[in-house]
Q: 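Here you go, one structure.
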Number of protein chains: 2
Amino acid sequence: MNKPGKQVLVALRQMIGSGELAAGSRVAEIPTSEMLGVSRMPVRMALRTLEQEGLLVKVGVRGYTVRSVTLENIIEAVEVRGVLEGLAAQRAAERGLDADTENALRDCLVNGDAIFAKGFLLEADLAAYEDLNIRFHEAVLRVGGNSAIRDALARNDHLPFASVKALAADKSRLDREYRRLNFAHMQHHAIVDALLRRQGVRAEALMREHANATLAYTDILQNAQG
Amino acid sequence: MNKPGKQVLVALRQMIGSGELAAGSRVAEIPTSEMLGVSRMPVRMALRTLEQEGLLVKVGVRGYTVRSVTLENIIEAVEVRGVLEGLAAQRAAERGLDADTENALRDCLVNGDAIFAKGFLLEADLAAYEDLNIRFHEAVLRVGGNSAIRDALARNDHLPFASVKALAADKSRLDREYRRLNFAHMQHHAIVDALLRRQGVRAEALMREHANATLAYTDILQNAQG
DNA sequence: ATTTTTTAAATTGGATCCAATATTGAATAG
DNA sequence: CTATTCAATATTGGATCCAATTTAAAAAAT
């Protein structure tokens, strides 16, 4: 069972994310539909969705262009993620952790400690850290989040490189990544400590600062320059 | 030449906001298109857009229902607006005000002072205050905002009652509104003071708290109960 | 009488066709 | 040779038609 609508959406998202559709290039209905072998309808739907997500910008009355994402845009989006996750952390601290979430967070800390105790990073560690990092942020959001926070974060994360899931680790510089990710992991420790002690403003400040861990090496991000 | 697409969108938004389309009720393509006298296409587009905006929720594979907005949802959205506008205020304070924005903010303060100096409110004052309130928040966002903040705010404000534009003043209780809006206006004074003194964290805290001024009388909001 | 199966109706997603509009290019006039 | 106007083409938005799927209702069997 083919679902052209869904397929067009993921195909275009992937093309934009990978740069196959360059920033600033025009995206018209007819060429896109021919390229993907579907009719104009699913393409039209996908374009409206991608515009809502902020990946495309409507240019006058004549179709869309791929949004140029500047380094500044990414920094701004990370800053916004910081205040939103900071709010979630504050709420989580004030509300207190349930047993499941506390266990999930402790598990993230133990996993990370095992990775960094070696004193160096292997390539496989990057994927493991990325996984535990996502679990960590999801756990905080599960307790401290609400629908408004989740909506705002989901929308904000549509921007490439701004999401928690986009650590953009540099596999060729594992020594440098060790220091960066170990620092981020120590922040995780501090955040859990604040959450367990019900220190709301401390948890918020830590989480807000922690967002910047995504951006440590801006040269990695230069390929996002539009 | 009517623009069905735009008209369907505003019509449905208005119907949802006014409660004409009750929370939880199903919104199908064919009945809606017949009701509005257009084809199914603009309706289909509008429904996807309204889903993205969070006013409709997709129910399985069978169409949409109007989102039930609880008082809790509104409180949460206002809290999110608080941190986002707080971030904008902090950035504005750190960056400093340009002359135009400083004049615009001072103008809002003068206008408000003129309204509240009387010691009571007339019905016409409500519209005047609403106008200056919007101008105030737009001015702060003009200096301290960025694309990520603006996007997140625009999306957050789609929820009825959560926006700056939804003060929901109670015209039948002008005495009570006097106290509430005067309080909000005094907060405006404090925020401008913080901005002029370049006190970023103070500006942020004030703006974040100021968001709650939208919610002073929860009984007004009870009709939003889903 | 109840349950299961089959059929019909409703509804969404996709494709094609049609209309309106803007942009570009060509032709003509100054 | 340049500028202006007119026409043609490209492109989006809307309408109608078609297919697939799900739900509900009705009929039949146990």
Side-chain angles (χ1 to χ4, degrees), chain A residues 1-16 20-68 151 154-155 158 226, chain B residues 1-16 20-68 151 154-155 158 226:
Chain A
M1 57 122 171
N2 295 329
K3 306 248 182 189
K6 210 69 175 175
Q7 286 200 335
V8 168
L9 199 57
V10 301
L12 287 178
R13 272 212 205 90
Q14 195 261 334
M15 283 182 181
I16 294 174
E20 189 175 340
L21 281 174
S25 62
R26 295 171 74 98
V27 181
E29 286 182 10
I30 296 174
T32 307
S33 63
E34 286 172 354
M35 177 202 302
L36 298 175
V38 297
S39 98
R40 281 175 51 209
M41 270 307 149
V43 174
R44 196 186 293 182
M45 293 296 185
L47 296 189
R48 304 276 306 238
T49 300
L50 293 171
E51 184 202 8
Q52 291 276 331
E53 291 182 0
L55 272 66
L56 295 179
V57 289
K58 198 172 180 63
V59 53
V61 69
R62 204 77 167 204
Y64 300 88
T65 64
V66 178
R67 173 175 175 188
S68 302
D151 279 1
R155 177 162 187 72
H158 281 136
Chain B
M1 66 83 194
N2 293 328
K3 308 242 179 187
K6 210 69 175 176
Q7 286 201 336
V8 167
L9 200 57
V10 300
L12 286 178
R13 273 213 204 90
Q14 195 261 333
M15 283 181 180
I16 294 172
E20 189 175 340
L21 280 174
S25 62
R26 294 174 69 102
V27 180
E29 285 182 13
I30 295 175
T32 307
S33 62
E34 285 172 353
M35 176 201 302
L36 298 175
V38 296
S39 100
R40 281 175 52 210
M41 271 305 150
V43 174
R44 194 185 294 181
M45 294 296 185
L47 296 189
R48 305 275 308 239
T49 300
L50 292 171
E51 185 203 8
Q52 289 277 330
E53 291 182 0
L55 272 65
L56 296 178
V57 288
K58 198 170 179 66
V59 53
V61 70
R62 206 73 168 200
Y64 299 87
T65 63
V66 177
R67 174 175 174 188
S68 303
D151 279 1
R155 178 162 187 74
H158 282 137

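As the structure is a computational prediction, the values presented were derived from the model and not from experiment.
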Q: Counting side-chain heavy atoms from CB outward, which of dC18(D), dG13(D), dT21(D) is closest to Arg40(B)?
A: dC18(D)
Q: In whole angstrom, give the distance that lies between atom CD of Glu34(A) and atom C1' of dT11(D).
A: 12 Å
Q: Counting heavy atoms from C-beta on, name the nucleotide in dG14(D), dT11(D), dT23(D) closest to the side chain of Ser39(B).
A: dG14(D)
Q: Please report, rounded to the nearest Å, how far the C1' atom of dT24(C) is from the CZ atom of Arg26(A).
A: 12 Å
Q: Grab the CE-P distance between Met45(B) and dG14(D) for me, whole Å please.
A: 7 Å
Q: Classify the side chain of Arg44(B) and the base of dG14(C) as holding, or not holding, a donor-acceptor pair under 3.5 Å.
A: yes
Q: Send over the distance from Lys6(B) NZ to dA20(C) C1', rounded to a whole Å.
A: 18 Å
Q: Hey, does the side chain of Ser33(A) reach the backbone of Glu29(A) with a donor-acceptor pair shorter than 3.5 angstrom?
A: yes
Q: Choosing from dT12(C), dT16(C), dA22(C), which nucleotide comes nearest the side chain of Ala28(B)?
A: dT12(C)
Q: Looking only at atom types and distance, does a side-chain atom of Arg13(A) sit under 3.5 Å from a main-chain N or O of Leu55(A), one as donor and one as acceptor?
A: no
Q: May I ask you to say what Lys58(A) touches in the nucleic acid, namely base, sugar-phosphate or nothing, with a heavy-atom cut-off under 4.0 Å?
A: sugar-phosphate
Q: When the distance from OH of Tyr64(B) to P of dG13(C) is rounded to whole Å, what number comes out?
A: 6 Å
Q: Flag yes if more than 12 heavy atoms outside Lys6(A) fall under 6.0 Å of its NZ atom; otherwise flag no.
A: no
Q: Which of the following nucleotides, dT12(C), dA10(C), dA22(C), is nearest to the side chain of Arg62(A)?
A: dA22(C)
Q: Answer yes or no: is there an ion pair linking Glu51(A) with Lys58(A), defined by an N-O contact shorter than 4.0 Å?
A: no
Q: Between Ile30(B) and Met41(B), which residue's closest nucleotide on DNA chain C lies nearer the 5′ terminus?
A: Ile30(B)
Q: Select from Gly63(B) and Pro42(A) the residue whose nearest nucleotide in DNA chain C is closer to the 5' end of that strand.
A: Gly63(B)
